[in-house]
Amino acid sequence: MLLEVCVDTIEGAKAAVRGGAGRIELCSALSEGGLTPSLGLMKAAADLPVPCFAMIRPRGGMFHFSTDEEQIMLSDIDATKASRLAGVVLGAQGPDHNLDIGLLTRLSERADHLSRTLHRVIDVVPEPLVALNIAIKLGFDHILTSGAAPFAQDGTRLIAEMVDRANGRISIMPGCGLNPTNVCEVIAATDVTEIHASCSIVAPGDPAVSDFGPASGSKITSETAVRDMVAAIQRTA
């Protein structure tokens with residue numbers, strides 16, 4: 001059972017590793033759902049002792065990307081490869097809101113020799129099970145999903161069906177809302193072998209500098225939260 005932790009700072013990545021994470025999803029701006037990390041962050045994360053996958057998402061919002069944004073994503077994939085990271089996290093929709101097969105094919109070809117995760121775009125397409133088959137045909141290695149529900153613990157029926165249909169051809173990885181109190185139930189209901197979580201806590205903010213960060217505080221990766229999640233999922237082994 002592997003725990004992937006999403007982080008947006010090098011200190012968060014190191015905390016996740018110390019806590020026992022088996023893989024890192026490297027992002028910037030997790031407050032926006034995760035955007036492409038900087039080249040400097042990619043290079044720093046390459047020295048970590050676990051695989052790191054870079055999120056390839058040039059902006060917030062939904063997943064309909066322009067030609068200019070495609071070029072940015074291709075360049076960011078090149079940066080990921082140059083930084084010696086292990087993989088990328090991708091997703092794109094076409095005008096009909098289904099997966100953009102053409103764009104995902106071009107991005108995948110650029111990401112040759114990298115592992116690939118299809119991100120939660122699968123939770124907002126009209127037919128997630130059709131998207132599952134497309135991801136398999138395109139050679140993706142992992143799918144991150146909440147089961148088309150607000151939280152993964154609410155989408156276990158679809159996640160379990162994805163696992164059944166995948167039949168070992170691709171790894172289905174639940175994510176969104178998982179914590180040590182509910183993860184065992186999700187694993188039991190879906191028979192997955194990977195889990196995705198932020199394992200974050202709120203660090204106090206400072207009203208005096210609220211222009212540079214929310215006065216209510218910001219979420220940061222917690223080594224203790226990672227350890228607690230690892231301990232919980234190990235109980236299911």
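Side chains included, hydrogens not; waters and symmetry mates left out as well; all remaining heavy atoms used.
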Residues in salt bridge (Lys or Arg N to Asp or Glu O under 4.0 Å) with [X], at least two apart?
X	value
Arg84	Asp47
Arg169	none
Arg57	none

Give a yes or no on whether the backbone of [Y] and the side-chain of [X] come within a donor-acceptor separation of less than 3.5 Å.
X	Y	result
Arg227	Arg18	yes
Asp123	Ala148	yes
Asp100	Ala92	no

[atom1]/[X] to [atom2]/[Y] distance, rounded to the nearest 0.5 angstrom?
X	Y	atom1	atom2	result
Ile24	Cys52	CD1	SG	5.5 Å
Asn182	Asp154	CG	CG	9.0 Å
His64	Leu103	NE2	CG	11.5 Å
Leu30	Ser198	CG	OG	7.5 Å
Thr221	Ile201	OG1	CD1	9.0 Å
Leu158	Arg165	CG	CZ	9.0 Å

Say whether [X] and [Y] are linked into one hydrophobic cluster, either directly or through other cluster members, by side-chain heavy-atom distances under 4.5 angstrom.
X	Y	value
Ile220	Val17	no
Met73	Phe140	yes
Ile122	Val163	yes
Leu107	Val88	yes
Phe65	Met55	no

Might you work through the side chain to side chain contact (heavy atoms under 4.5 Å, CB included) test for Thr80 and Met42, ending with a clear yes or no? CA-CA 7 Å; Thr80 303; Met42 290 186 197; 3.7 Å; yes
Sorted by first residue and then second, give each ring-ring contact (aromatic ring centres under 6.0 Å, His included) pair with at least one member in residues 35-56; sequence neighbours left out. Phe53-His142
Excluding sequence neighbours, so at least two apart, what forms side chain to side chain contact (heavy atoms under 4.5 Å, CB included) with Asp76? Thr36, Ile56, Ile72
Is any side-chain heavy atom of [X] closer than 4.5 Å to a side-chain heavy atom of [Y]?
X	Y	value
Asn98	Val130	no
Met162	Thr145	yes
Glu161	Leu129	yes
Ile195	Met173	no
Leu99	Leu104	yes
Glu194	Arg23	yes
Ile233	Leu3	yes
Leu26	Val7	yes

Is the count of non-hydrogen atoms from other residues, nucleotides or ligands lying under 6.0 Å from Lys81 atom NZ greater than 12? yes
With a 6.0 Å cut-off (strictly less than), is the heavy-atom count around CZ of Arg157, excluding the residue itself, greater than 12? no
Between [X] and [Y], which heavy-atom pair has the shortest distance, and what is it?
X	Y	result
Leu39	Ser83	CD1-OG, 3.4 Å
Cys176	Ser146	CB-CB, 4.2 Å
Leu118	Gly91	CD1-CA, 4.0 Å

Distance-only side-chain donor-acceptor flag, Ser108 / Arg116, under 3.5 Å: yes
Once you measure the plane-to-plane angle for His119 and Phe63, does it fall in the parallel (<30°), tilted (30-60°) or perpendicular (>60°) bin? tilted
Derivation of the side chain to side chain contact (heavy atoms under 4.5 Å, CB included) call for Gln153 and Val183: CA-CA 8 Å; Gln153 59 267 33; Val183 69; over 6 Å; no
Please report the C-alpha distance between Ile77 and Leu90 in whole Å, then the side-chain angles of each, then the deciding distance to 0.1 Å, and finally whether the side chain to side chain contact (heavy atoms under 4.5 Å, CB included) criterion is met. CA-CA 10 Å; Ile77 291 171; Leu90 306 171; 4.2 Å; yes
Using the rule given for side-chain hydrogen bond (donor to acceptor under 3.5 Å, both in side chains), can you reason through Thr181 versus Asn179, listing the C-alpha separation, both sets of side-chain angles and the distance that settles it, and then say yes or no? CA-CA 6 Å; Thr181 64; Asn179 56 58; 2.4 Å; yes
Which ILVMFWY residues are connected to Phe151, directly or by a chain of links, through side-chain heavy atoms under 4.5 Å apart? none
Apply the test salt bridge (Lys or Arg N to Asp or Glu O under 4.0 Å) to residues Lys14 and Glu223: give CA-CA distance (whole Å), side-chain angles for both, the deciding distance (0.1 Å), then the verdict. CA-CA 8 Å; Lys14 290 180 177 180; Glu223 178 181 344; over 6 Å; no
For Ile187 and Met1, what are the C-alpha separation, side-chain angles and deciding distance, and is it a side chain to side chain contact (heavy atoms under 4.5 Å, CB included)? CA-CA 10 Å; Ile187 293 170; Met1 186 64 64; 3.7 Å; yes
